[in-house]
Amino acid sequence: MKPKDWQPSFLVIGAVKAATTWIQARLQDNPAIFMPDPEPHYFSAGYDRGASWYRNFFADRPKDALAIGEKSADYLAHPLAAQRIARDLPHARLVLQLRNPIDRAYSDYKMFYRRGTITGAPEEYLRSLDNPYPRFLQDGLYARHLARWYDLFPREQILIYLYDDVTVQPQRIVEAVSGHIGVPPVFRSERACAQENSSRSAILPLSLRKALAPLKDTVRPLRGTSVFENVRSLLAREMVYPPLVPGLREHLRDFYARDVETLEAICGLDLTRWKTAARSAA
């Protein structure tokens with residue numbers, strides 16, 4: 001099936017909370033690449049909206065773009081996304097950034113905690129799958145999810161690299177991804193260490209965020225202006241999260257152990273750091 005001129009030629013498919021916004025931003029530094037800023041989630045949550053709805057995300061693509069892509073980090077773990085992409089975009093190049101599943105689970109928890117969606121300690125959500133948000137644990141079972149993709153796509157069509165390598169070899173990662181999607185790389189060293197969507201970023205108190213929610217559309221044009229940012233800086237505070245205690249980290253290491261071993265075997269990755277490192281989650 002020949003893709004239509006607006007359809008993506010590559011997709012960043014995950015993983016959620018693995019800093020995929022970083023690679024999206026680095027690819028957007030390249031004028032030969034077009035990616036919409038928002039995640040369409042078309043092949044996961046938005047498929048029933050239809051191709052016309054999906055096409056709107058690419059309406060602003062430049063005519064001379066060498067590659068069109070999008071990032072929806074939930075595609076990897078979604079049970080139907082691989083099948084849908086294989087049917088609609090069978091030749092799309094797929095990019096997958098993986099993070100230590102323990103750190104990924106805790107980061108996902110922190111995102112929900114920051115939003116006020118949950119208020120309990122990590123033990124309430126990361127001890128077992130029997131909780132209101134099993135995605136915290138399930139999304140990190142990478143080998144289980146990747147098996148669906150390997151059933152539908154050739155191995156060479158899927159590029160996999162590790163979150164850990166982004167911090168130490170950002171240029172190599174950008175070059176590898178660019179080569180995989182067929183575009184000469186552009187690497188801006190001054191932007192390589194930029195943190196996108198960091199959980200450490202200062203944020204307004206939850207009560208104030210809820211009070212201001214009805215005004216979200218009204219104040220959107222003011223974002224980025226000096227007055228808006230100065231006022232925000234006076235009110236915003238760095239979020240303090242309940243910690244991931246060592247005992248729970250060890251429990252999670254056991255929970256993911258078999259899946260990590262399988263992932264290492266099917267992908268040829270060296271995941272020693274995941275199996276032995278006792279580092280805190282970011």
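Atoms considered below: every heavy atom in the structure, side chains included; atoms not considered: hydrogens, waters and symmetry mates.
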Is [X] salt-bridged to [Y], cutoff N-O under 4.0 Å?
| X | Y | result |
| --- | --- | --- |
| Arg148 | Asp151 | no |
| Lys275 | Asp270 | no |
| Glu261 | Arg258 | no |
| Arg172 | Asp165 | yes |

Ring centres under 6.0 Å, that's the criterion: do Tyr142 and Tyr256 meet it? no

Would you indicate whether the side-chain heavy atoms of [Y] and [X] approach each other to under 4.5 Å?
| X | Y | answer |
| --- | --- | --- |
| Gln24 | Leu27 | no |
| Ile102 | Leu244 | yes |
| Ile266 | Thr262 | yes |
| Leu263 | Leu98 | yes |
| Ile173 | Tyr163 | no |

Do the side chain of [X] and the main chain of [Y] share a donor and acceptor less than 3.5 angstrom apart?
| X | Y | result |
| --- | --- | --- |
| Arg99 | Ala15 | no |
| Glu264 | Leu271 | yes |
| Gln97 | Ala19 | yes |
| Asn30 | Pro184 | yes |
| Ser178 | Val174 | yes |
| His180 | Gln157 | yes |

Run the numbers on Leu96 and Trp149 for side chain to side chain contact (heavy atoms under 4.5 Å, CB included), then give the verdict. CA-CA 11 Å; Leu96 178 56; Trp149 297 83; over 6 Å; no

Determine whether [X] and [Y] fall in the same hydrophobic cluster, where Ile, Leu, Val, Met, Phe, Trp and Tyr are linked whenever their side-chain heavy atoms lie under 4.5 Å apart.
| X | Y | value |
| --- | --- | --- |
| Phe10 | Leu66 | yes |
| Leu141 | Val260 | yes |
| Tyr42 | Phe153 | yes |
| Val186 | Ile68 | no |

[X] to [Y] - nearest heavy-atom pair and separation:
| X | Y | result |
| --- | --- | --- |
| Pro38 | Pro40 | O-CD, 3.2 Å |
| Lys17 | Ser107 | CE-OG, 3.3 Å |
| Asp259 | Ala143 | OD2-N, 3.0 Å |
| Ala32 | Val183 | CB-CG1, 3.8 Å |
| Ala51 | Trp6 | O-CH2, 3.8 Å |
| Cys267 | Leu146 | SG-CD2, 3.3 Å |

Passing option when Val12 is tested against Arg93, Met35, Glu39 for side-chain contact (heavy atoms from CB on, under 4.5 Å):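 Testing Val12 for a side-chain contact (heavy atoms from CB on, under 4.5 Å) against Arg93, Met35, Glu39 leaves exactly one candidate, Met35.
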
Sole residue of Ile160, Leu11, Leu76 in side-chain contact (heavy atoms from CB on, under 4.5 Å) with Leu94: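 Single pass found, and it is Leu11.
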
How far apart are the C-alpha atoms of Val177 and Tyr161, what are their side-chain angles, what is the distance that settles it, and do they pass the side chain to side chain contact (heavy atoms under 4.5 Å, CB included) test? CA-CA 9 Å; Val177 175; Tyr161 62 95; 3.7 Å; yes

Quick one: side chains of residues 55-63, donor-acceptor pairs under 3.5 Å with protein atoms, not counting sequence neighbours, listed by atom name and distance.
{"unit_1": "Arg61", "atom_1": "NH1", "unit_2": "Phe58", "atom_2": "O", "d": "3.0"}

Can you tell me how far the [atom1] atom of [X] sits from the [atom2] atom of [Y], to the nearest 0.5 Å?
| X | Y | atom1 | atom2 | answer |
| --- | --- | --- | --- | --- |
| Asp29 | Glu190 | CG | CD | 8.0 Å |
| Ile13 | Ile158 | CD1 | CD1 | 6.0 Å |
| Arg114 | Phe112 | CZ | CZ | 11.0 Å |

May I ask you to check whether Asp88 and Tyr47 show a side-chain donor-acceptor distance below 3.5 Å?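 Note: Asp88 and Tyr47 side chains meet the donor-acceptor criterion.
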
Gln28 and Asp37 side chains, donor-acceptor separation under 3.5 Å: yes

I would like to know whether Arg273 and Leu162 meet side chain to side chain contact (heavy atoms under 4.5 Å, CB included); could you show each step before the answer? CA-CA 11 Å; Arg273 286 171 290 183; Leu162 302 181; 3.7 Å; yes

Working for side chain to side chain donor-acceptor pair (under 3.5 Å), residues Glu70 and Tyr54: CA-CA 11 Å; Glu70 61 113 323; Tyr54 187 42; 2.7 Å; yes

What verdict does the side chain to side chain contact (heavy atoms under 4.5 Å, CB included) test give for Lys110 and Met239, after you've listed the backbone C-alpha separation in whole Å, the side-chain angles of each residue and the deciding distance to 0.1 Å? CA-CA 9 Å; Lys110 289 197 295 184; Met239 192 78 181; over 6 Å; no

Which donor-acceptor pairs under 3.5 Å do the side chains of residues 118-138 make with protein atoms, sequence neighbours left out?
{"unit_1": "Ser128", "atom_1": "OG", "unit_2": "Asp130", "atom_2": "N", "d": "3.2"}
{"unit_1": "Asn131", "atom_1": "OD1", "unit_2": "Tyr133", "atom_2": "N", "d": "2.6"}
{"unit_1": "Asn131", "atom_1": "ND2", "unit_2": "Tyr125", "atom_2": "O", "d": "3.0"}
{"unit_1": "Asn131", "atom_1": "ND2", "unit_2": "Ser128", "atom_2": "O", "d": "2.8"}
{"unit_1": "Arg135", "atom_1": "NE", "unit_2": "Asp108", "atom_2": "OD2", "d": "3.0"}
{"unit_1": "Arg135", "atom_1": "NH2", "unit_2": "Asp108", "atom_2": "OD1", "d": "2.8"}
{"unit_1": "Arg135", "atom_1": "NH2", "unit_2": "Asp108", "atom_2": "OD2", "d": "3.2"}

Determine, for Tyr150 and Arg155, whether the Lys NZ or Arg CZ falls below 6.0 Å from the six-membered ring centre while staying within 45 degrees of the axis. yes

